[in-house]
Amino acid sequence: MSLIKTDNLTKTFNGTNAVDGINLNIREGACTALLGPNGAGKTTTLNLLTGLMNPTKGKISFDKRYSGDRRKYLGYLPQYPKFYGWMTGIEYVVYAGELGGLTASEARTRAEELLNLVGLTDAGKKRISGYSGGMKQRLGIAQALVHNPKLIILDEPVSALDPIGRREVLELMKRLKETTSILFSTHVLHDAEQISDDIYIIQDGRVVINGGLEELQKKYQQPTVHIETEENLEEWSMSLESAPWVRHLKAEKQKLTVTAESIEDARNALLTDERLRQLKLNKFEIEKTSLEDLFMEVTK
Amino acid sequence: MDEIVNELQAVPWPVVAPIIIIQFLLMVIALIDCLRRGGETKGPQWVWILVIVFGGIFGPIIYFLFGRRND
Amino acid sequence: MRQWIILFKKEVKESIRNFKWIWIPVVFILLGLTQPVVSYYLPDLLEQFGGLPEGAAAAFPVPTGSQVLAETLGQFSQIGLLVLVLAFMGAVAGERNNGTNIMILVKPVSYASYISAKWAHMVLLALVSFTAGFIFSVYYTFLLIESVPAAHIIQGALVYGLWLTFVVTVVLTLSTIIKSPAAVAFLTFGVTITLSLMSSLLPEIMTWSPGMLSSHSHSFFMNGYGNEGFWLSLMCTILMIAVMLSLAIYVFRKKEMAVHTT
Ligand SMILES: Nc1ncnc2c1ncn2[C@@H]1O[C@H](COP(=O)(O)OP(=O)(O)OP(=O)(O)O)[C@@H](O)[C@H]1O
Ligand SMILES: [Mg+2]
């Protein structure tokens, strides 16, 4: 079921569109990734969704179950979360919870629960000014969750972290996914592939590709065959061009790369080809392109 | 010597003492704050300590207003 | 209302942690103690060390009680106000510039509460500091010089408190509009100094001005009633405070909160 829909969402800064007609459909219960290189407009999009910025054009609509102040239903972790350094971790989460509408005692219980969840039980009693980047990130996630929002929006939750911190936060997000809808941004495809259900690839303020993770993976996983021979194979390769299983092919002297419709057909056809055998096969390799290649391609 | 003693006796201590005590209090609070935040001052800590101790009534005030990094 | 109290409590807690709640009252107390002592001993001191010609010291008689209280307010209006303005110049701009308000304002927080809680805290701290300092001043004035009717003192202090509230409101409002805390302080001083100067130079056309309030409070100390035009300037000040506070809230609502994206 859809939670938020945006229609032609646009934000212009001094004449340039940082976000340029984006249509999102954030599903309830799903983990959605906004994937894009630096400056693609991810943060701006998220700021528009939270209401911290106003769109220049376009519309954001929440499902009608979620009427009134949208902030009640959202938890937000900014890309560079800034805390009151003079507060302790637990004080901050309690404060955030109370502002989110919890009573003092509810906020207290919830804060302890969340600090435990993000692994800050002991550090929670210390002042935030002494926290490391990873601790702040996890505290930021805790404060985003404190008022039980329908959706948590995390802006590059792992970008600033070292590999260990990264894995910790990704694991945490995997667990959160079970209970909360998540929308997060990243510029690393691998992170998106690990935990998301839906992916939007954004470039220059536009959605270039979007869809379910598996659907995209299927669609863009094209089997490619690399062939190398002793003899020049260019002449032979002409004969392949009309074959029904070939989608695309590139031959150069002793090297050939074929993108196939189906891996089975490609294998059968090539391995039974008498003329290929005569060219003295040196190398025969089948490779599946991944979303990564696609991502590199579109964000080039 | 006698003159100094005379002048010291002439100072209305019961009246002046509270002022000195409170000024001292202000200095102590500023010092505690400065020392407690370690290096978290704008500029070197020892300069601020000098300002607080020798800056008279304004030393601590200037420290509180300008010496601390916001957190 | 519950949320307003939460926001207000946060402001108080912050200012306790960074010692604002100690050092600002202490500065006012120091000012309040010093003025009567200086006024009382100044003729003595001049006589002893001043090397003045014979009889000149007589030109510096010990002032009356109400004069000393007025002089104390003069100290508050200079050093006291300087301290208050500099201490509060970053009230709104500070959190905006360093981004700490982002995670707060994406919670379902009313912008009006956010601003008005800050305002209330600033006013409270200013008034408590002023009261503390003034109580000491009154005590010393009674002790060293003479007593002044309590009703006069209370009325005068209330009037002066309104002037302080006015200045604090100016700081808050400018701090919502302008990014640079230094510019906020500079403009606030500009406004207060202009108002005070104009009021003393051109009292006829400035009867409405908040800058008249200190001279009204002096009159209360002396006579128990304000000068001519007291009610007008009182009403105008209250009105201006209300307008500025609403303006601050309005401007804050209009502003986009997210300023740092990349
Ligand atoms: N307040 C602003 N004023 C002017 N331009 C802005 C502003 N905020 C963002 N931009 C521009 O809009 C574009 C998108 O920025 P945005 O921060 O949304 O990108 P991003 O995808 O979050 O990038 P990153 O991965 O670096 O965080 C950038 O070109 C940026 O320079
Ligand atoms: Mg960003």
Side-chain angles (χ1 to χ4, degrees), chain A residues 11 13 18-19 38-55 68-88 91-104 107 127-128 139-140 143-144 146-147 149 153 155-156, chain C residues 1-23 87 90-118 121 125 176 179 250-262:
Chain A
K11 178 72 183 178
F13 293 116
V19 171
N38 290 124
K42 304 180 294 291
T43 300
T44 311
T45 308
L46 298 182
N47 278 331
L48 291 169
L49 290 178
T50 55
L52 288 167
M53 279 182 181
N54 303 320
D69 191 342
R70 70 170 84 150
R71 296 176 297 174
K72 277 188 286 188
Y73 312 111
L74 298 178
Y76 179 52
L77 170 71
Q79 185 166 359
Y80 307 106
K82 297 286 161 53
F83 297 90
Y84 299 122
W86 54 270
M87 283 192 187
T88 65
E91 277 172 341
Y92 194 90
V93 182
V94 169
Y95 181 53
E98 287 186 306
L99 291 180
L102 305 181
T103 66
R127 295 216 171 169
I128 303 172
L139 182 65
Q143 68 78 33
V146 68
H147 56 309
I153 298 182
D155 194 355
E156 310 230 1
Chain C
M1 192 59 200
R2 210 179 72 82
Q3 196 180 55
W4 190 91
I5 290 169
I6 294 163
L7 289 161
F8 179 75
K9 269 180 16 198
K10 174 258 166 188
E11 295 296 324
V12 174
K13 211 192 233 171
E14 178 170 17
S15 294
I16 290 176
R17 294 262 168 100
N18 65 24
F19 288 141
K20 272 203 184 104
W21 269 102
I22 303 183
W23 75 264
V92 179
E95 289 201 3
R96 214 174 116 76
N97 292 343
N98 67 20
T100 43
N101 63 2
I102 292 288
M103 277 187 287
I104 301 309
L105 294 173
V106 287
K107 293 279 182 293
V109 170
S110 137
Y111 284 21
S113 303
Y114 178 86
I115 292 289
S116 61
K118 278 193 185 298
H121 168 255
L125 179 48
T176 5
K179 252 169 92 170
Y250 175 78
V251 170
F252 193 66
R253 277 208 186 110
K254 286 277 153 192
K255 283 213 165 157
E256 278 186 338
M257 282 311 134
V259 278
H260 319 259
T261 61
T262 329

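Every chain is numbered from 1, with letters handed out A, B, ... down the list of sequences. Please read these numbers as outputs of a predicted model, since none were measured by experiment.
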Subject >> From C/Ile102 atom CD1 to A/Asn47 atom CG, the distance as rounded to the nearest 0.5 Å >> reply: 6.5 Å
Original post:
If you measure from CG on C/Asn97 to NZ on A/Lys82, what distance do you get to the nearest 0.5 Å?
Top reply: 11.0 Å
Original post:
CG/A/Leu52 to NZ/C/Lys255 distance, rounded to the nearest 0.5 angstrom?
Top reply: 15.0 Å
Original post:
Say you draw a straight line from CE of A/Met87 to CZ of C/Arg17; how long is it, rounded to the nearest 0.5 Å?
Top reply: 8.0 Å
Subject >> Minimum-distance pair of heavy atoms, taken over all atoms of A/Tyr92 and C/Met103 >> reply: OH-CB, 3.5 Å
Original post:
Do C/Val106 and A/Leu74 come close enough that some side-chain heavy atom pair is under 4.5 Å?
Top reply: no
**OP:** Could you tell me whether the side chain of C/Lys10 reaches within less than 4.5 Å of the side chain of A/Glu98, counting heavy atoms only?
**Re:** no
Original post:
Highest number of heavy-atom pairs under 4.5 Å with chain C: which of A/Leu77, A/Thr50, A/Asn54?
Top reply: A/Asn54
Subject >> CG on C/Leu105 to OH on A/Tyr76, rounded to 0.5 Å >> reply: 12.5 Å
Subject >> Selection from A/Lys72, A/His147, A/Gln143 maximising heavy-atom pairs under 4.5 Å formed with chain C >> reply: A/Gln143
Original post:
Closest heavy-atom contact between C/Lys107 and A/Val146?
Top reply: CE-CG1, 4.0 Å
Original post:
Given that the side chain runs from C-beta out, which part of A/Asp69 has a heavy atom under 4.5 Å from chain C: side chain, backbone, both or neither?
Top reply: side chain
Subject >> 4.5 Å side-chain heavy-atom contact, C/Lys9 and A/Tyr95 >> reply: no
